[in-house]
Each structure stands twice: as structure tokens, then as C-alpha cells.
Amino acid sequence: MADKLTTAHVTESGKSAFAVEIEVSGHRLTGDEPVDQGGGDLGPAPFDLLTAALAECTAMTVRWYALQQKWPLDHVEVSVTHRKGGPGAASPRQDMFTKRLRLTGAALTAEQKAKLIEIAAKCPVQRTLEGTPHILTEAE
């Protein structure tokens, strides 16, 4: 996994002040800022995508673990909220994420559900956000 290189290419589309076309791993998306931020709301904003990435990774990690354990998990649903500052934040600029999981499976035990919630905190995107990634910026 450490050798996998993911490349995202983003270019302005001209459809609004901030609208971009995003290409990543063979998928195309449109990104933009909301109207109240000067965009045209033509697609998700950067923090929308970051929040969605955390939710997506969490759901996939929980599913992967349940499959590995052969546990009777029928459905995973994850909601994530993001905000700057507020209750519990160390500063007004601190990013605060809240994850809510809904795990369904009539045969899941309380212990299995507790372990799946523990595993949810170990998804790779969460580990990246909690870590200290290094970002190089270069000009062509």
C-alpha cells in the first residue's frame, strides 16, 4: 500500500469563479464553492470532499474488518460533520470532525459492535488527518 501513487489533476472549468474539473483514478468530478463563498455551487467544495473521504474510508474499513472476521454485519452507514472551532476545540481554527456510525446486523453482538466502532477510528484517512503528512509544493 505504501508504494501506491494516487494522482489527482484539477483544472479550472470557467463555469464559475472557483469551478474546477477533477480527475482522479479514472473518475471525473466537478468541484466548486457555494454561492455565498463566491462560487456557483456546481459541485462539492474542498472540505465537502475531505469530509466525504473520511466517511467513505470509515465505512469501507468497518466493512473490511467485518468481512475478515466473518461477522454478520448487514449494513454500514457513516455520517461525518466538519466545522472549524466550537465546543471542544483547542482554538477557533481547529478542525473538528464528528463521525456517527450506524451498524446493523441482527446477529451482531455488543462486543462485535464495540470492536467495529474501535476499528472505525483506524481508517487510513483518519490516520492521515491525525498524523503529520508532508506536502511539497512545486511549480512547473
Side-chain angles (χ1 to χ4, degrees):
M1 190 95 168
D3 295 326
K4 184 178 184 309
L5 179 66
T6 301
T7 301
H9 180 77
V10 176
T11 186
E12 292 181 312
S13 71
K15 294 178 182 175
S16 85
F18 298 109
V20 294
E21 296 300 323
I22 304 163
E23 292 182 37
V24 61
S25 301
H27 301 281
R28 295 182 59 86
L29 311 148
T30 296
D32 200 0
E33 288 288 350
V35 173
D36 67 353
Q37 297 294 313
D41 201 24
L42 302 174
F47 277 102
D48 296 337
L49 293 171
L50 181 63
T51 303
L54 180 57
E56 175 185 14
C57 184
T58 299
M60 291 176 170
T61 300
V62 168
R63 172 56 63 195
W64 172 84
Y65 191 84
L67 288 170
Q68 294 298 309
Q69 300 301 313
K70 297 182 176 31
W71 287 354
L73 177 63
D74 295 333
H75 187 76
V76 178
E77 187 175 331
V78 179
S79 294
V80 175
T81 59
H82 169 262
R83 63 180 163 77
K84 293 277 188 180
S91 78
R93 300 297 310 149
Q94 184 180 23
D95 291 284
M96 300 292 291
F97 292 90
T98 301
K99 297 198 301 186
R100 289 184 177 82
L101 278 67
R102 178 175 293 143
L103 308 174
T104 56
L108 273 177
T109 67
E111 292 81 17
Q112 289 170 331
K113 282 185 180 180
K115 183 63 175 181
L116 290 172
I117 291 167
E118 177 186 325
I119 292 299
K122 296 180 180 181
C123 83
V125 170
Q126 180 167 338
R127 287 185 171 186
T128 298
L129 289 170
E130 292 174 337
T132 53
H134 184 75
I135 301 171
L136 296 174
T137 302
E138 303 170 338
E140 283 190 15

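For the pair K99 and Q126, the minimum side-chain heavy-atom distance is below 4.5 Å. Side-chain contact check for S16 versus E33: every heavy-atom pair is 4.5 Å or farther apart.
Scanning both residues, Q94 and G88, for their nearest heavy atoms gives OE1-O, 4.2 Å. In this structure, P44 and T30 approach most closely via the heavy-atom pair CD-O, 3.2 Å. Considering all non-hydrogen atoms of both residues, S13 and E21 come closest at CB-OE2, 3.7 Å. Nearest heavy atoms, R93 versus K84: O-CD, 3.4 Å. The two residues C123 and T58 come nearest to each other via the heavy atoms SG-OG1, 3.7 Å.
If you chain together hydrophobic residues whose side chains sit under 4.5 Å apart, F18 and V10 never meet in one group.
For residues 125-140, no residue pair satisfies the salt bridge (Lys or Arg N to Asp or Glu O under 4.0 Å) rule, not counting sequence neighbours.
For the atom pair H27 NE2 and I22 CD1, the distance stands at 12.5 Å (nearest 0.5 Å).
No side-chain donor-acceptor contact under 3.5 Å links D41 to the backbone of P34. Under the 3.5 Å distance criterion, the side-chain polar atoms of D32 are left unmatched by any main-chain donor or acceptor of G39.
Counting side-chain heavy-atom gaps under 4.5 Å among Ile, Leu, Val, Met, Phe, Trp and Tyr, the cluster of W71 also holds F47, L50, L54, V62, W64, Y65, L73, V76, V78, V80, F97, L101, L103, L108, L116, I117, I119, V125, L129.
Taking 4.0 Å as the cut-off between side-chain N and carboxylate O, E118 and K122 count as a salt-bridged pair.
Around the CG atom of L136, the shell of radius 6.0 Å holds more than 12 heavy atoms that belong to other residues, nucleotides or ligands. For Q69, the CD atom is densely surrounded, since the number of other residues' heavy atoms within 6.0 Å is greater than 12.
H75 pairs by the side chain to side chain contact (heavy atoms under 4.5 Å, CB included) definition with E77, T104, not counting sequence neighbours.
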